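Take a look at the structure set out below.
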Amino acid sequence: MLSLHSLRAALAALALLAAPVMAQAPVPEASGSSSQVDADSTQHPHPDPLPEGEGGVGTAATSSDTATDAADAAERSDDEMMADSATPPPGFTGVYGQITDAQTKETLIEATVKVVTGGQKSVLTDIDGNYQLALPPGKYDLRVFYDVYEGRRITGVIVEQGKATKLDVQLSADAGAVQEVVVEARADRRAEGALLQERKKAAAVSDAISSQEIARTPDSSASDAVKRVVSVTVVDGRFMLLRGLGGRYSVTLLNGALLPSPEPDEPSVPLDLFPTSLLANLNVVKSYTSDLPGTFGGGTLLIETNTYPSKFEFKPRITFSGDSISTFQQRNTHPGSFLEALSFAGPDRQLPAGLPQNERMGSSASTWQSFPNIWSARRATALPNLGLGASMGDTLRFGNSRLGYLATVNYGHKESVRESEFARADMPVGELQAQDATRTLQGSEGSTLSALASVGYQFDRDNELTFFSLYTRGTDSTTFTSRGVNNGRSETFESTRLQFVSRALSFNQVRGFHRLNTLGDAELDWQANFSRVDRDEPDTRDTLYSDDLGTPTGKYAFPNQPNSGERFFGTLGETSTGGSASLTLPFSDVRVKAGGLAQVSFRDFQARRFRYLLTDTPVDTSLPPEELFASSHLGTSVRMRETTRGDDAYDAYLGVFAGFATADYKPVEPLRLVGGVRVEHSLQQLTAHSPFDTTSTGNTRANYLDVLPAFNAIYALRPDMNLRAGYSYTLARPTFRELAPFIFFDFVRRRNVSGNPELLETRIHNLDTRLEWFVGENEVLAASVFYKNFQSPIERILRYSGDMGFENADGANSYGVELEARASLGRLSPALSHFRAAANLTLIQSNIVLTDPEKLGAQTNSQRPMQGQSPYVINLNLGYDRPESGTEVALLYNVYGPRISEVGLNPLPDVYEQPFHRVDLSVSQKLGNDLQLKLTGSNLLDSAVVLDQGGITILKYRPGIAFSAALGWTL
């Protein structure tokens, strides 16, 4: 556990990082010192709208002196108008710099820099206000102009061969221009600065990480990257917790559409399905607005994927990686087909073709013999991991229309080893002791395959249509071998599990944007989506052999008991379809938005189980399983029995239908009020039945109509500083399995679970406040405080039998503080201008109350933190960026506080997952103009995952020090 001294040190680090920013307001560089800058009264209208990454759309009412410049702009080609990058390459000859607002210091998108004497050429600034103008050696006069700003003329700019002349210009607003201005811009949302600008102007409290930031880390999937966001933690390497809340309290939207989960017992979407190369950004919304789904507790994760680039690009990538525990070490494995290397299950894992599909397996020995007779682990050498990827995209221009496309494909193959130590805490003589000491060796082999396609057509500035399709799948082939003691049975044992799991997600979406000029430039946004998730677990095999602990025979024998000689087949599929639309009406003093959503999901689950049993015919039970279950013994000494339950299948339905209205109003210039209400109707139905008969063996139905108000206030203390406050009333729904009125088997945790059809929705009061100061283009200081009150939260209840159930607790509270700082260290000294630093700290306290003895069940503590809640989360990031040499270095640190992994059974204490201190290093180097090499190291402290129960370590393993090398081309 992190000590109080360490927490104080972390707070001190945040204070030190913020101190130079507080002491020095941002001072942009002056305009070029070698040139004379004069005011020029000319303004320039924006050109036609451009796709993302190319600038944006703009309309403005300006003074009448624009005709000449407008004509000049019309003559320029698209290639001339686009700035290439912020920093010129080595040997560049010309002028470059940044255009900003003289008062607010904000960068100006698509400002024009034009040569007026000495040549005929011009460019537009990019999303960060940067421009790059290639010119032959000579002396030039330039003009810089922008909508409703006073133009400026710079004379006597000297350009020398092989040298880049830097020229930063500040423009002042034109007092004579009309004050009513509408400026629209679609930023490159992959950039850190663009996300900060969006965050500053957002209606809700939010935090985000861009693909630009992700590229500086060793993170390979969304589950790795999202933990860099303030107050986010990840459980099991896949599932996200926002402010300590996960599962039903966190919703994931992909490009604005709800995503279903492929996990049978977990409502959260596993984020390891999304490679970071597909991501434009990850945005976490922490205060509710009525246009979001009503399921909102910890927050909502918005995943935005990459869209088409402004010019043609083709980027292949190759990555090799490994770790200190696995690579070139011996690992457990079991045979599989070649298809599994491509992330598809092989046909030999499926149920035998001769097995009856609509009835239980019979007593025919020939049917039993049709199952593959593979049970023992093999050994192999773990090879380095491989990653391959490529993306291609472009924007084609047809007059005022644009056609953009992007196609991306990724493949990954990974092999790993994990050595774990297990124990069980017990009180056999009134004192807590470690029992059942076990060592497990786990070998894994996994493959991932993903593809993305996006096509967008912009008919004109008022109409745009986009089609998006994503397919991603992954497989995990895992082989466990365990050896240990079972004190309860007074025996030693050896066990093996062969398991293969595949998960797949297919997501398709059509989006449209239309500006309705007949309604005063009202905006209509709509989307329709169709998705499918699948999870397949074919032929998981378990064997266990034991020997007497007191009088050992020296031979491990097959026992006639559960968990040995078992096979399991399970499939889950869920289809989801729906759409949403919203209409935004911009009135003179208020912006009104109204819309609706309809989303329906259909889930089907089916499982079959089989078990090998000894008969009365004698047989040597010490034989290995391949010999014991051989054809010669099946039907004589050993028989098979199908143990599938009568409720091992179910069909489920969830329909959500909602309408909302929100108003964005500025009563006075510094104050912005955003209020709205959402009315959401939901219907959940679940019908359990046998895999062989659709006749219902149990069903449940939950029908709700919820009214969800939301209010946010933003007060601009100054143009770059916001004070925010928000209140909302939201909900969390029980999952299908939690509502089921019957006992079913938890195939992941291997225990019985009883559902509860009497469960109520959880209702949540949310309060948020934040003070944020955007001190520079990529710099921010922020402090947040939040409070949540839960009515009838749903908790896992452990029964005295060891089975699990669900109950509504009496209530719960959660409150916390978030601190964040990002700054350039150039504020301390010019010598540190290439260094940047970032830090964030989250402190959270929560408590849940269970006073009803029936609801408390066998749990030891009636008052405790919420399950999965960490009391603190810390992220530190120190970066070095030298554009001249193409070098980037990032050193990162992440730690979360101790959190309850399993609630303790009376009288045993709760099981806590201990803090994991993670240090990562990433080094990226450009090799010429087209190649980039990236080297990374993760978990450099070689930290271990530890679960502790009352001072006894019940699980411990080391993931190892990971490393990778990636080479990318831009062609």
Side-chain angles (χ1 to χ4, degrees), residues 247-253 256-269 288 290-297 300 527-533 572-582 595-606 647 649-661 677-689 694-710 728-742 744 753-764 791-794 806-808:
R248 68 178 59 81
Y249 297 112
S250 300
V251 172
T252 300
L253 303 182
L258 282 165
L259 275 183
S261 171
E263 298 300 320
D265 305 305
E266 177 57 58
S268 295
V269 175
Y288 181 71
S290 58
D291 56 344
L292 292 173
T295 302
F296 187 96
T300 297
Q527 65 89 22
N529 63 83
F530 176 85
S531 64
R532 171 74 182 182
V533 294
L572 178 147
E574 184 169 332
T575 300
S576 180
T577 186
S580 62
S582 65
L597 170 143
Q599 194 77 26
V600 294
S601 300
F602 302 88
R603 171 178 285 197
D604 55 271
F605 177 82
Q606 180 173 302
D647 50 20
Y650 69 83
D651 300 316
Y653 165 84
L654 172 63
V656 179
F657 307 91
F660 73 90
V677 64
R678 184 181 188 90
V679 178
E680 192 164 285
H681 173 256
S682 63
L683 174 62
Q684 279 181 292
Q685 291 180 308
L686 186 145
T687 301
H689 57 84
T694 57
T695 303
S696 172
T697 58
N699 61 78
T700 187
R701 176 187 175 98
N703 196 345
Y704 286 95
L705 181 64
D706 298 293
V707 179
L708 308 172
S728 60
Y729 189 43
T730 57
L731 60 88
R733 296 185 181 91
T735 65
F736 290 130
R737 284 264 177 112
E738 292 168 348
L739 285 171
F742 49 83
F744 54 86
V753 179
S754 57
N756 181 0
E758 304 300 321
L759 286 177
L760 304 175
E761 277 187 341
T762 301
R763 304 304 300 268
I764 310 162
Q791 301 171 347
S792 304
I794 300 170
F806 304 93
E807 292 286 353
N808 288 108

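Starting from 1, each residue takes its place in the sequence as its number. Since the structure is predicted, the reported quantities are computational estimates derived from the model, not experimental observations.
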message: Determine whether a donor-acceptor pair (N or O, by modelled atom type, separation under 3.5 Å) exists between the side chain of Thr577 and the backbone of Asn529.
response: yes
- prompt: Which heavy-atom pair separates Asn808 from Ser792 by the least distance, and what is that distance?
  reply: ND2-O, 2.8 Å
message: When you compare the side chain of Arg701 with that of Leu683, does any pair of heavy atoms fall below 4.5 Å?
response: yes
message: Under a 3.5 Å cutoff, is there a donor and acceptor pairing between the side chains of Thr762 and Arg248?
response: no
query: How about Tyr704 and Leu760: do any of their side-chain heavy atoms sit closer than 4.5 Å?
result: yes
field: Distance (rounded to the nearest 0.5 Å) between Glu680 CD and Ser290 OG
entry: 11.0 Å
Between Asp604 and Gln606: side-chain donor-acceptor atoms closer than 3.5 Å: no
message: Using side-chain heavy atoms (C-beta onward) and a distance below 4.5 Å, is Glu761 in contact with Ile794?
response: no
- prompt: Heavy atoms, side chains only, cut-off 4.5 Å: are Arg603 and Tyr650 in contact?
  reply: yes
- request: Apply ring pair (Phe, Tyr, Trp, His ring centres under 6.0 Å) to Phe602 and list each qualifying residue two or more places apart in sequence or on a separate chain.
  value: Tyr653
task: Compare all side-chain heavy atoms of His689 with those of Thr695 and state whether any distance is below 4.5 angstrom.
output: no
query: What residue among Leu731, Leu708, Thr730 forms side-chain contact (heavy atoms from CB on, under 4.5 Å) with Ile764?
result: Thr730
query: What residues, two or more places apart in sequence or in another chain, satisfy salt bridge (charged side-chain N to carboxylate O under 4.0 Å, His left out) together with Asp706?
result: Arg763
Approximate separation, where rounding is to 0.5 Å, of His681 NE2 and Leu705 CG: 6.5 Å
query: What pair of heavy atoms forms the shortest contact from Phe660 to Gly596, and how long is it?
result: CE2-N, 4.0 Å
query: Under 4.5 Å between any side-chain heavy atoms of Pro293 and Leu253, yes or no?
result: yes
task: Work out which heavy atom in Gly256 is nearest to a heavy atom in Gln527; give both atom names and the distance.
output: O-NE2, 4.4 Å
message: A side-chain contact here means heavy atoms from C-beta on lying under 4.5 Å apart; do Asn756 and Glu807 qualify?
response: yes
- request: Hey, could you give me the OG/CG distance between Ser531 and Leu258, rounded to the nearest 0.5 Å?
  value: 9.0 Å
message: Rounded to the nearest 0.5 Å, what separates atom CZ in Arg678 from atom CG in Leu292?
response: 7.5 Å
message: Tell me the closest heavy-atom pair linking Pro757 and Thr700, and the distance in Å.
response: CB-OG1, 3.6 Å
For Gln684 against Leu739, the heavy-atom pair lying closest together: OE1-CD1, 3.7 Å
- prompt: Short question: side chain of Thr300, backbone of Val251 - any donor-acceptor pair under 3.5 Å?
  reply: no
statement: Rounding to 0.5 Å, atoms CG (Leu686) and CG (Leu654) come to a distance of 11.0 Å
- line: Across all chains, not counting sequence neighbours, the ring pair (Phe, Tyr, Trp, His ring centres under 6.0 Å) partners of Phe296 are Tyr288
